[in-house]
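Inspection log for the structure reproduced underneath, given as structure tokens.
Only heavy atoms go into these numbers, but all of them, side chains included; no hydrogens, no water, no symmetry mates.
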Protein chains: 2
Amino acid sequence: MSEPPPNPGGPQRSAGRDEILAAATDLFGESGYDGVSMSAIAQRAGISKANVFHHFGSKDALYLEVMRAARAYFEPGTERLIEQNQDFGEQLRELIGRDFARMREHPDLARLILREILESGPSRGQALASEVFGEHFAELTGLFEQAQRQGGLARDIPPALIATLAIACNTMLFQSQHLLRHLPGVDFVDDGERYATLVARVLLDGLRDEQKDAEGESDA
Amino acid sequence: MSEPPPNPGGPQRSAGRDEILAAATDLFGESGYDGVSMSAIAQRAGISKANVFHHFGSKDALYLEVMRAARAYFEPGTERLIEQNQDFGEQLRELIGRDFARMREHPDLARLILREILESGPSRGQALASEVFGEHFAELTGLFEQAQRQGGLARDIPPALIATLAIACNTMLFQSQHLLRHLPGVDFVDDGERYATLVARVLLDGLRDEQKDAEGESDA
DNA sequence: ACACTAACCGACCGACCGGTCAGCCCCGAG
DNA sequence: CTCGGGGCTGACCGGTCGGTCGGTTAGTGT
């Protein structure tokens with residue numbers, strides 16, 4: 001009952017490692033490790049199941065390879081814009097906007113990593129922290145620490161908490177976008193720009209009404 | 001949905017049923033839908049697998065029942081404290097603190113729901129929104145809307161976004177606590193009180209340093 | 001005593017899982 | 001030309017999955 005690969009419109013080139021990797025990334029991202037069979041990956045890649053085992057020794061090895069690629073994609077320098085002397089608020093807004101846009105651009109990879117975080121127990125969490133996310137997180141933390149030292153940022157809030165919150169907002173919005181979209185009053189899911197602006201504004205200046213809570217300063 | 005097999009139509013309760021439900025809740029919470037077999041549930045409940053199918057027609061039906069129970073647990077009035085005339089900041093702090101504490105108190109239930117959110121596609125998301133989370137979310141949104149109308153809360157931020165952020169911070173921290181714990185500078189994971197206080201403070205007053213506050217930043 | 005029924009069980013089924021294996025095809029080296 | 005080896009395949013394996021089946025036990029109304 002095996003159908004020959006019709007591959008309509010697709011190039012007839014030889015199916016190789018990369019195609020397997022791409023197919024696996026798609027499927028793992030959609031349905032998670034347990035939700036995807038090696039047969040499904042092979043079928044998506046247009047090759048035989050045995051061939052998948054030929055290139056990657058086992059399902060775990062393939063999954064690990066996919067994760068490595070995903071991590072490599074999300075890792076590269078995110079915070080280059082910090083060096084610039086622009087307003088910190090603008091930096092934060094752009095940082096949030098970029099991160100969110102990247103997630104929406106590669107939803108499979110994002111979900112892959114999110115799932116890994118959710119499903120990781122105490123032991124796995126430590127490995128993830130030190131090997132995958134540590135660098136990125138430290139970079140972010142350092143950024144906020146620097147902003148604190150330069151002034152303009154409240155000093156009694158741990159930089160790590162700021163980084164966590166910034167990531168959390170993006171992650172959560174992306175993660176539950178299909179749910180949020182149908183919730184009453186939610187109209188910011190599809191407008192990344194507006195969302196980033198609002199979140200940055202909340203994080204910077206808080207929710208409190210400035211007009212009422214007059215502490216003796218005037219706004220622009 | 002039709003139920004051709006011996007239909008447990010009415011609310012028939014038995015010790016067996018409850019034990020199955022408890023076992024299923026534990027296991028599903030730990031390992032997710034695909035990660036748990038009906039045999040495992042039966043074994044945990046101390047009965048035969050066939051008996052599980054006798055009480056719940058299928059694995060999906062059992063999972064759905066577990067989800068219903070989980071939802072019922074997380075739903076009950078969270079925002080009773082709103083009526084009180086205490087400071088809104090204090091209300092927010094307590095709300096965040098309570099929600100987080102409840103998550104840590106029943107991690108399996110929390111992970112169950114979190115996973116459901118993550119794994120839900122566009123179609124499932126709509127069902128979840130309308131049937132499970134809609135009520136709770138609307139309650140939260142209404143709370144913030146009221147606070148806005150009473151003054152003390154910036155009016156140009158959608159209440160739904162505030163609700164999303166409040167939930168997002170808690171959810172994310174809980175979800176990735178095992179990872180965060182090992183990240184540099186993270187010392188607020190295990191101290192729910194301190195965490196809630198800090199987050200409420202950020203949400204209310206923002207990150208900006210009040211002493212400096214002025215928008216004219218100077219390069220050093 | 002009987003009939004009826006829900007709760008419960010051991011054994012079993014087909015489907016599918018991850019993984020293996022012997023061998024085919026193709027191509028470059030000798 | 002032969003030869004060998006890697007990409008690739010269909011057939012197959014043991015095991016587990018969700019789910020079914022025939023039958024037993026316990027309780028209850030008559």
Measure CD/Glu19(B) against P/dA7(C) and give the value in whole Å, please. 14 Å
Per Phe53(A) side chain, nearest of listed nucleotides dC9(C), dG7(D), dT20(C): dT20(C)
Whole-Å distance, Asn51(B) CG to dT20(D) C1', equals 14 Å
CD1 of Ile47(B) versus P of dG10(C): gap in Å, rounded? 11 Å
Check: Phe174(B) main-chain N/O paired with Gln177(B) side-chain donor or acceptor under 3.5 Å: yes
Mutual orientation of the aromatic rings belonging to Tyr33(B) and Phe28(B) [parallel < 30°, tilted 30-60°, perpendicular > 60°]: parallel
Using a 4.0 Å heavy-atom cut-off, does Ser48(A) contact any base of the nucleic acid, only the sugar-phosphate backbone, or nothing at all? base
Among dG18(D), dC8(D), dC12(D), which nucleotide has an atom closest to any side-chain atom of Lys49(B)? dG18(D)
Which one, dG7(D), dG18(D), dG19(C), comes nearest to the side chain of His55(A)? dG7(D)
Is Asp190(A) salt-bridged to Arg104(A), cutoff N-O under 4.0 Å? yes
Between the side chains of Arg102(B) and Glu105(B), is the shortest nitrogen-to-carboxylate-oxygen separation below 4.0 Å, so that they form an ion pair? no
Quick note, His54(B) side chain, CB onward, closest among dC17(D), dA7(C), dG10(C) is dA7(C)
At a heavy-atom distance below 4.0 Å, what parts of residues 58-65 of chain B sit against DNA chain D? Ser58(B), Lys59(B)
Rounded to whole Å, how long is the line connecting atom CE of Met38(A) with atom P of dC16(C)? 18 Å
Please indicate whether Glu193(B) has more than 12 foreign heavy atoms, meaning atoms of other residues, nucleotides or ligands, lying under 6.0 Å from its CD. no
Would you mind reading off the distance between Phe56(A) atom CZ and dT20(C) atom P, rounded to a whole angstrom? 16 Å
Note, Pro158(A) side chain near Leu198(B) side chain (heavy atom, < 4.5 Å): yes
Of the nucleotides dG10(D), dG7(D), dA7(C), which has the atom closest to the Ala50(A) side chain? dG10(D)
Specify the closest pair of heavy atoms between Thr25(B) and Asp108(B), including all atoms of both residues, with the distance to one decimal. O-CB, 4.4 Å
Looking across every strand, which nucleic acid part, if any, lies under 4.0 Å from Val36(A) by heavy atom: base, sugar-phosphate, or nothing? sugar-phosphate
Protein-nucleotide distance (Gln43(A), atom CD; dC16(C), atom C1'), rounded to Å: 14 Å
